[in-house]
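Quick one: the structure is below, questions incoming.
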Amino acid sequence: MRLEDYRDRYATLHFARSDDGVLTLTLHTRGGEARWGTSTRSLHCELGRAFADIARDEGNKVVILTGTGASFIAASDPEERYPEPSLAAMWPRIYQEGIDLLENLLAVPVPMIAAVNGPALIHAEIAVLCDIVLASETAEFADLAHVPGGAVPGDGVHTVWPMLLGPNRGRYFLLTGERIGAEEAKRLGVVAEVLAPDALLPRARELAANLARLSLPTLRNTRAVLTRYLRKRMGDELAYGLGAEAVAMLSHSSA
């Protein structure tokens, strides 16, 4: 797999790679700030497949993940709704995409750096599962896609946030839709550094360049040992959570 094989494959993702093997993956929606949708041209559909492509490309030594404009992912996209005739018809696809999204992210075999350029209010776990998490001063973290919207928080967030915040604060975070600002996220250990917006990507590139000086076997084996526990947890808990989310949603829709 080469970058040329997948560079233009995705509607919601922009790829750029420097000569030292640092791949920058930028989320967007129709060229603007990234929004979360459920269509077959949405981030939900494309990200898992993109992570699989990135994993197969040995030209990638480090991956920087960031958003477009003033937000990471802060809103849903009403234009990218599922094309299936019903929730029941949609769920087999959404279920598999949910599995692929986080399992393939964690299967990327090289270090990942998240540069959270603004509010990450929907599926912020995508950012905080990276090995290094940098945040703009304007960033905040929440899970508004689940309990606040009437859905079970089952697609990995039930594992990620109690693990990062502790069981009690993590459950509170998920059940209330709490927003955690960048400095508080740093204090809690979710974020490593908080930077001015114009310093965010330069710092991510600096860290990535330092890592890219190491050999590919060193980078790959380092990533493997750092994600082993996360991959095991996700393997044990993700499918169950997605199943619980589906049961509740389908039961509600048929009531």
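Side-chain atoms are counted along with the backbone in the values below, which use heavy atoms only and exclude waters and symmetry mates.
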_Side-chain (R223) to main-chain (L219) donor-acceptor, under 3.5 angstrom_ = no
*Looking only at non-hydrogen atoms, find the nearest pair between G177 and P148 and report the distance.*
CA-CG, 3.8 Å
_Partner residues of N117 under the side chain to side chain contact (heavy atoms under 4.5 Å, CB included) criterion, sequence neighbours left out_ = T66, F72, L200
*Between the main-chain N or O of E237 and the side-chain N or O of H158, is there a donor-acceptor pair closer than 3.5 Å?*
yes
*CG-CG distance between L13 and L25, expressed to the nearest 0.5 angstrom*: 5.5 Å
*Side-chain contact, heavy-atom cut-off 4.5 Å: D236 with K232?*
yes
_N60 and R17, any side-chain heavy atoms less than 4.5 Å apart_ = yes
*Measure the spacing between CE of M112 and CD1 of I126 and express it to the nearest 0.5 Å.*
10.0 Å
*Could you tell me whether the side chain of D57 and the main chain of I54 form a donor-acceptor pair under 3.5 Å?*
no
*So, for E84 and A89, which heavy atoms are closest and what is the spacing to 0.1 Å?*
CG-O, 3.7 Å
*Atom of A142, atom of E178 and distance for their closest heavy-atom approach*: CB-O, 3.4 Å
_From R2, R9, R7, residue fulfilling salt bridge (Lys or Arg N to Asp or Glu O under 4.0 Å) relative to D53_ = R9
_Heavy-atom neighbours of H28 NE2 exceed 12 at 6.0 Å_ = yes
*List, by chain and then residue number, the residues other than Y172 in its hydrophobic cluster (Ile/Leu/Val/Met/Phe/Trp/Tyr, side-chain heavy atoms under 4.5 Å); write none if there are no others.*
none
_Heavy-atom side-chain contact between V190 and W161 under 4.5 Å_ = yes
_Could you check whether any side-chain heavy atom of L102 comes within less than 4.5 Å of a side-chain heavy atom of T159, counting everything from C-beta outward?_
no
*asked:* Would you say L211 ends up clustered with L23 if hydrophobic residues are merged whenever their side chains have heavy atoms under 4.5 Å apart, either directly or through other cluster members?
replied: no
*Mind checking whether L129 and I64 sit in one hydrophobic cluster, side chains of I, L, V, M, F, W, Y counted as touching below 4.5 Å?*
no
_Set of side chain to side chain contact (heavy atoms under 4.5 Å, CB included) partners for E97, sequence neighbours left out_ = H44, C45, R93, I94
*Taking atom CZ of R49 and atom OH of Y10, what is their separation to the nearest 0.5 Å?*
5.0 Å
*Check whether L216 and L207 end up in the same hydrophobic cluster, where Ile, Leu, Val, Met, Phe, Trp and Tyr are linked by side-chain heavy atoms less than 4.5 Å apart.*
no
*Looking at side-chain heavy atoms only, is the closest gap between V160 and M234 below 4.5 Å?*
yes
_Using only atom types and a distance under 3.5 Å, with no angle test, would you say the side chain of T227 pairs donor to acceptor with the backbone of L230?_
no
_Heavy-atom pair with the smallest gap, counting every atom of L65 and C130_ = CD2-SG, 4.1 Å
_Going by salt bridge (Lys or Arg N to Asp or Glu O under 4.0 Å), name the pairs with one or both residues in residues 137-163, residues two or more places apart or in two chains._
E140-R179
*asked:* A side-chain contact here means heavy atoms from C-beta on lying under 4.5 Å apart; do F173 and T176 qualify?
replied: no
*Do you reckon L105 sits in the same ILVMFWY cluster as V116, going by side-chain contacts under 4.5 Å, direct or chained?*
yes
*Could you tell me whether the side chain of T68 and the main chain of L27 form a donor-acceptor pair under 3.5 Å?*
yes
*Nearest heavy-atom pair of A115 and A204: which atoms, and what distance?*
CB-CB, 4.2 Å
_Let me confirm one number: the NZ-OG distance from K61 to S18, rounded to the nearest 0.5 Å._
10.5 Å
*May I ask you to decide whether E79 forms a salt bridge with R35, counting only side-chain N to carboxylate O separations under 4.0 Å?*
no
*In Å and rounded to the nearest 0.5 Å, what is the CD1 to CG distance from I113 to L201?*
10.5 Å
_Could you check whether any side-chain N or O of T38 sits under 3.5 Å from a backbone N or O of Y82, counting only pairs where one atom can act as donor and the other as acceptor?_
yes
*Side chains of L165 and I180: closer than 4.5 Å at any heavy-atom pair?*
yes
*For E58, does the CD atom have more than 12 heavy-atom neighbours from other residues, nucleotides or ligands under 6.0 Å away?*
no
*Give, for atom CZ of F51 and atom CZ of R56, the distance between the pair rounded to the nearest 0.5 Å.*
13.5 Å
*Who pairs with E80 by side chain to side chain contact (heavy atoms under 4.5 Å, CB included), at least two apart in sequence or on another chain?*
R30, S39, R41, S42, D77
*asked:* Salt bridge or not between E184 and R187? Use side-chain N to carboxylate O under 4.0 Å.
replied: yes
*asked:* Would you say Y229 ends up clustered with V110 if hydrophobic residues are merged whenever their side chains have heavy atoms under 4.5 Å apart, either directly or through other cluster members?
replied: yes
*Hey, are the side chains of P111 and L226 touching, using non-hydrogen atoms and a 4.5 Å cut-off?*
no
*asked:* Ignoring hydrogens, what is the shortest heavy-atom contact between I132 and L134? Give both atom names and the distance.
replied: CG2-CD2, 3.9 Å
_Clusters formed by hydrophobic residues whose side-chain heavy atoms approach within less than 4.5 Å: which one holds V147, and what are its other members?_
L175
